[in-house]
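These numbers come from the heavy atoms of this one structure, side chains and all, not from hydrogens, waters or symmetry mates.
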Amino acid sequence: MKKEQQDWGIAGDARAVRRTVDVRMLDTMRFVPDRIDVRLDETVRFKARNTGRVMHEFVIGTRAENERHAALMLKFPDMEHDEPYMAHVPPGKTGDIVWQFNRAGTFEFACLIAGHYQAGMTGTITVRNA
């Protein structure tokens, strides 16, 4: 796994996790919960559980980055990617992301599979000073 600084943080160290957030991905093109609050410098483990019957993704980023990537996915729906801020989750399975939020701001998590983002499958992560 590459640890490269992003505008929304950096891949976290699993030993630093103090909180796990369970997120369900639904075939209604929604996440539950769809809003998550995080403290600055907190390292969080996300358990993205696909409770549906179709493939879903859990991708953390800025809104602009996710919009750009979603547009690429429409053009190239079979595009494969493997980044520490992404989990590609088959039906009935769970994906894990460990992420350190070392920058304050409002960020987005989304499913970037073609059509899912456009159907509103997004959520918000708000990172605030402790």
Side-chain angles (χ1 to χ4, degrees):
M1 171 181 61
K2 47 184 173 168
K3 287 186 94 169
E4 185 177 316
Q5 180 67 51
Q6 303 294 329
D7 290 342
W8 55 94
I10 193 165
D13 181 343
R15 296 171 298 196
V17 171
R18 299 291 176 262
R19 179 165 64 124
T20 298
V21 176
D22 293 309
V23 179
R24 289 183 297 133
M25 299 180 283
L26 311 175
D27 285 351
T28 55
M29 302 302 141
R30 295 294 179 260
F31 290 101
V32 177
D34 63 358
R35 296 182 198 289
I36 300 167
D37 291 320
V38 176
R39 291 181 319 277
L40 183 63
D41 289 323
E42 183 177 12
T43 300
V44 177
R45 177 185 307 279
F46 292 96
K47 290 259 190 211
R49 188 165 44 105
N50 184 346
T51 61
R53 294 183 173 168
V54 299
M55 185 70 75
H56 289 297
E57 291 181 330
F58 183 86
V59 180
I60 304 169
T62 62
R63 183 177 183 139
E65 179 64 24
N66 282 346
E67 284 177 353
R68 184 190 67 74
H69 192 151
L72 275 175
M73 291 292 286
L74 283 173
K75 290 180 184 175
F76 307 103
D78 296 324
M79 181 171 66
E80 292 187 20
H81 39 259
D82 184 26
E83 299 290 344
Y85 51 87
M86 299 178 172
H88 200 67
V89 187
K93 301 293 183 188
T94 301
D96 265 13
I97 293 177
V98 175
W99 197 254
Q100 181 185 3
F101 292 92
N102 60 4
R103 297 194 174 172
T106 300
F107 305 105
E108 182 178 76
F109 58 94
C111 180
L112 302 182
I113 289 177
H116 294 205
Y117 186 82
Q118 294 77 7
M121 196 166 182
T122 66
T124 303
I125 297 172
T126 304
V127 182
R128 293 188 174 96
N129 289 323

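Linking Ile, Leu, Val, Met, Phe, Trp and Tyr whenever their side-chain heavy atoms come within less than 4.5 Å puts Val23 and Val59 in one cluster. When the side chains of ILVMFWY residues are joined at heavy-atom separations under 4.5 Å, either directly or via intervening members, Met73 and Met55 end up in two distinct hydrophobic clusters. No single ILVMFWY cluster, assembled from side-chain heavy atoms under 4.5 Å apart, contains both Ile10 and Ile97. Under the 4.5 Å side-chain heavy-atom criterion for ILVMFWY residues, a single connected hydrophobic cluster contains both Phe31 and Met86.
Put simply, the side chain of Trp8 gets close to the backbone of Ile60: a donor and an acceptor are under 3.5 Å apart. In this structure, Asp96 contributes its side chain and Lys47 its backbone to no donor-acceptor pair below 3.5 Å.
Using a 4.5 Å heavy-atom cutoff, the side chains of Asp7 and Arg103 are in contact. You'll find the side chain of Val38 stays beyond 4.5 Å of the side chain of Phe107, heavy atoms only. Side-chain contact between Glu4 and Glu83 is absent, with no heavy-atom pair separated by less than 4.5 Å. At a threshold of 4.5 Å between non-hydrogen side-chain atoms, the residues His88 and Ile113 count as touching. Side chains of Asp13 and Gln100 form no contact here, defined as non-hydrogen atoms less than 4.5 Å apart.
Taking all atoms of both residues into account, the shortest heavy-atom contact from Ala11 to Pro84 is CB-CB, 3.7 Å. Scanning both residues, Ala110 and Asn66, for their nearest heavy atoms gives CB-ND2, 3.9 Å. Across every non-hydrogen atom of Trp99 and Gln6, the tightest pair is CH2-CG, 4.0 Å. Closest heavy-atom contact between Gly115 and Leu74: N-CD2, 3.8 Å.
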Worked verdict on Ile36 versus Phe46 for side-chain contact (heavy atoms from CB on, under 4.5 Å): CA-CA 11 Å; Ile36 300 167; Phe46 292 96; 3.8 Å; yes
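Residues passing the salt bridge (Lys or Arg N to Asp or Glu O under 4.0 Å) test with Lys93: none are found, sequence neighbours excluded. Residues that satisfy the ring-ring contact (aromatic ring centres under 6.0 Å, His included) test with His116, not counting sequence neighbours, are His56. The salt bridge (Lys or Arg N to Asp or Glu O under 4.0 Å) test applied to Arg49 returns no partner, not counting sequence neighbours.
The line from CG of Leu112 to CZ of Phe58 is 11.0 Å long, rounded to the nearest 0.5 Å. Rounding to the nearest 0.5 angstrom, the gap separating the CE atom in Met25 from the OG1 atom in Thr51 is 8.0 Å. Annotation: the span from Asp27 atom CG to Asn50 atom CG amounts to 6.5 Å, rounded to 0.5 Å.
Residue pairs meeting the salt bridge (charged side-chain N to carboxylate O under 4.0 Å, His left out) criterion with at least one member in residues 52-77, sequence neighbours excluded, are Arg63-Glu67, Glu65-Arg68.
Leu26 belongs to a hydrophobic cluster with Val32, counting contacts under 4.5 Å between side-chain heavy atoms of Ile, Leu, Val, Met, Phe, Trp and Tyr, direct or through other members.
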Would you tabulate the side-chain donor-acceptor contacts of residues 120-130 under 3.5 Å, counting partners in other chains and residues two or more places apart, or write 'none'?
from	atom 1	to	atom 2	distance (Å)
Arg128	NH1	Asp37	OD1	3.3

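At a threshold of 4.0 Å, the pair Arg19-Glu42 counts as salt-bridged, since one of the basic side-chain nitrogens sits closer than that to a carboxylate oxygen.
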